[in-house]
There are 2 protein chains.
Amino acid sequence: MDTLMLPPRAATVGLAVDVAAFAMHEGELQVLLVKRGTRPHQQVWALPGGFVQEGEELHEAALRELRDETTLTLEPRHLEQFYTFGAPNRDPRGRVVSVAHLAVLPHGHAHLREERSINGARWFPAHQPPLLAFDHAEILERAIKRLQTRLEYQGLALEFLPDTFTLPELQEVHEAILSRKLDKRNFRKRLLSQGLLAASGERRSGVGRPAQLYRRARTTRRRVSAEP
Amino acid sequence: MDTLMLPPRAATVGLAVDVAAFAMHEGELQVLLVKRGTRPHQQVWALPGGFVQEGEELHEAALRELRDETTLTLEPRHLEQFYTFGAPNRDPRGRVVSVAHLAVLPHGHAHLREERSINGARWFPAHQPPLLAFDHAEILERAIKRLQTRLEYQGLALEFLPDTFTLPELQEVHEAILSRKLDKRNFRKRLLSQGLLAASGERRSGVGRPAQLYRRARTTRRRVSAEP
DNA sequence: CCAAAAGTGTTAGGTCTACACCCATGG
DNA sequence: CCATGGGTGTAGACCTAACACTTTTGG
């Protein structure tokens, strides 16, 4: 495969993927970051990512980087490419083009094998990230925008929650992603009328009145996704 | 810039852009294709595209390929990246990743310096393309889907038309892109209430009753775009 | 005066928003 | 019994879809 002959003026580029991986924690949208161990931007926080390997699909590379760099114990529930960043000087080492991906991890953040793992992977509030390496602040910003527009379609919000969950929990996910409060009654009406949820009969014990538990409905997808 | 040191297993890739450039012609959505002059897929129709050059932005590369391969005389009115195709075997020459772009060209197709120009650029019905090289059929399909979802936002449909146009013409653009008929009265109500159009007083002569001419309203963008 | 295309309103149904009180449980 | 959080309905505004006839021009 290194027989690829490029035309004379074509750029020699590195092909990378970066992953903005989101999860909910304590009512807040969080994003997974790693502390860079090598130059450039050594010791600066960055989105997990790296170079695509030979024969590897882009989404496979995204999955691999997510697993390797973060010692995640769970597979992402959703993974999609959302934009490609290719400004000539975005990486001081040379031309590196990054296909940015958006991932959703379910159920809080008990996913790192150890808190503040050895490779320095940690969750941060997605809306107030620390200083980020390269153009990762811009990538994160666009990932959040995409997440917001994707919320409506399909049941993407469900991917943030465990198999069973309560409506207040689901509403919390929406609110954290959109950064605004929603009306409880309208939210319930809308969600229940979509037919994506099935009551699972049981109730969860807590501080106040127990909430009805729901799970994904079997096959009844009422709304159709807009784009792959 | 060729000092870029890649890690051991990183793939050597060619970075390309491909452009699905659309225009209206005789009430039909058309796409610009070029006949490939070199192997692989020699003599097969393909989207205009090619390798990104050193120091070149992705969208600049898309513009350059569009101009060079098609001898276009007009600048596109809209150009956006919409998806990156990177399957390992999509190009038999080796690993080539293509950042696909969507372009809109205004006003019919009097744009090629000559019909069936020397480099074999020609317009085809976008919904019934000929056999296409590489994975360009898939790229085109997704470009059309994106075009459809983008129609609502902003005044993308306006970009297909000259400076002044009639409402029936604008409706024809919408219908051609969506592949379905729209209700005339509802269409007018909706478009006029958006405040994107300004009547330009004049009238165009034709077969039946002359139509009111419109142009883009100055600053009054009511709806906001979803994504850059 | 005829053919061709432009233009014009109303109604019904559905969707969205705002808004305040009662209920079930644990301590 | 009280604190905590879960659960419920309605009215007005707005948007959407369906639907048929009249107007203006050129030939």
Side-chain angles (χ1 to χ4, degrees), chain A residues 24 26-28 148-149 151-153 155 157-158 161-162 164-215 222-224 226, chain B residues 24 26-28 148-149 151-155 157-158 161-162 164-176 178-215 222-224 226:
Chain A
M24 289 295 298
E26 290 177 1
E28 196 178 40
Q148 290 172 341
T149 63
L151 246 200
E152 342 279 308
Y153 303 115
L158 301 184
L161 295 170
T164 60
F165 51 88
T166 67
L167 279 181
E169 283 165 356
L170 184 56
Q171 182 174 349
E172 193 179 58
V173 172
H174 281 252
E175 290 177 340
I177 292 172
L178 298 174
S179 297
R180 66 190 172 92
K181 286 285 174 196
L182 300 174
D183 181 273
K184 196 180 7 170
R185 282 175 284 195
N186 295 335
F187 180 80
R188 289 169 163 260
K189 256 178 297 179
R190 188 157 51 82
L191 268 283
L192 291 175
S193 73
Q194 277 175 209
L196 293 171
L197 304 183
S200 79
E202 315 157 39
R203 307 181 146 257
R204 172 175 302 170
S205 167
V207 184
R209 169 175 174 176
Q212 179 68 246
L213 281 178
Y214 291 87
R215 59 177 79 249
R222 295 279 165 80
R223 299 208 181 181
V224 191
Chain B
M24 289 295 300
E26 291 175 2
E28 196 177 41
Q148 290 172 341
T149 63
L151 246 201
E152 342 279 307
Y153 303 113
Q154 323 167 247
L158 300 184
L161 296 169
T164 62
F165 52 88
T166 67
L167 279 182
E169 283 165 357
L170 183 56
Q171 182 173 350
E172 193 178 58
V173 172
H174 281 251
E175 289 176 342
L178 298 173
S179 297
R180 65 189 172 93
K181 287 285 174 196
L182 300 174
D183 181 273
K184 194 180 6 168
R185 283 175 284 192
N186 294 336
F187 181 80
R188 291 171 162 260
K189 257 178 297 179
R190 188 158 50 84
L191 267 284
L192 291 175
S193 73
Q194 279 177 208
L196 293 172
L197 305 182
S200 78
E202 314 158 38
R203 309 182 144 257
R204 171 175 302 170
S205 167
V207 185
R209 170 176 174 176
Q212 178 68 247
L213 282 177
Y214 291 87
R215 58 177 77 248
R222 294 280 164 81
R223 298 211 183 179
V224 190

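Per chain, numbering begins at 1; letters A, B, ... match sequence-line order.
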Residue pairs passing the ring-ring contact (aromatic ring centres under 6.0 Å, His included) test where at least one lies in residues 166-210 of chain A, sequence neighbours excluded: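 Non-adjacent pairs meeting ring-ring contact (aromatic ring centres under 6.0 Å, His included): A:H174-A:F187.
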With A:E175 via salt bridge (charged side-chain N to carboxylate O under 4.0 Å, His left out) - residues at least two apart: A:K181
By salt bridge (charged side-chain N to carboxylate O under 4.0 Å, His left out) - contacts of A:E169 (at least two apart): A:R204
Could you tell me how far apart [X] ([atom1]) and [N] ([atom2]) are, to the nearest whole angstrom?
X: B:L191; N: D:dA17; atom1: CG; atom2: P; result: 14 Å
X: B:E172; N: C:dA5; atom1: CD; atom2: P; result: 11 Å
X: A:F187; N: D:dT8; atom1: CZ; atom2: P; result: 14 Å
X: A:L182; N: C:dC19; atom1: CG; atom2: P; result: 15 Å
X: B:R204; N: C:dA4; atom1: CZ; atom2: C1'; result: 17 Å
X: B:K181; N: D:dA17; atom1: NZ; atom2: P; result: 17 Å
X: B:L213; N: C:dG7; atom1: CG; atom2: P; result: 9 Å
X: A:Q171; N: D:dG7; atom1: CD; atom2: P; result: 11 Å

B:Q171 side chain vs B:L182 backbone, donor-acceptor pair below 3.5 Å: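 The answer is yes, because a donor-acceptor pair under 3.5 Å joins these two groups.
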A:Q212 side-chain N/O to A:A199 backbone N/O, donor-acceptor pair under 3.5 Å: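 Checking the backbone N and O of A:A199 against the side chain of A:Q212, no donor-acceptor pair under 3.5 Å is found.
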Those residues that, when tested against A:K184, pass side chain to side chain donor-acceptor pair (under 3.5 Å) (two or more places apart):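 Per chain and number, A:K184 pairs via side chain to side chain donor-acceptor pair (under 3.5 Å) with no residue.
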Any A:R188 side-chain nitrogen or oxygen under 4.0 Å from OP1 or OP2 of D:dG7: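 Yes, A:R188 has a side-chain N/O under 4.0 Å of OP1/OP2 on D:dG7.
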Smallest separation among heavy atoms of B:M24 and B:V173, with atom names: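 So the two residues come closest at CG-CG2, 3.8 Å.
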Heavy-atom pair with the smallest gap, counting every atom of A:T164 and A:S200: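 Looks like CG2-OG, 4.4 Å.
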Heavy-atom protein contacts under 4.0 Å, nucleotides 19-26 of chain D, coded B base, S sugar-phosphate only, - none: BB--BBBS
Note, B:L170 side chain near B:Y214 side chain (heavy atom, < 4.5 Å):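 SC-SC contact between B:L170 and B:Y214 ruled out.
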Angle between terminal axes - the helix from C:dC1-D:dG27 to C:dG27-D:dC1, 5 pairs each end, rounded to 10°: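 Axis-to-axis angle, ends of the helix: 10°.
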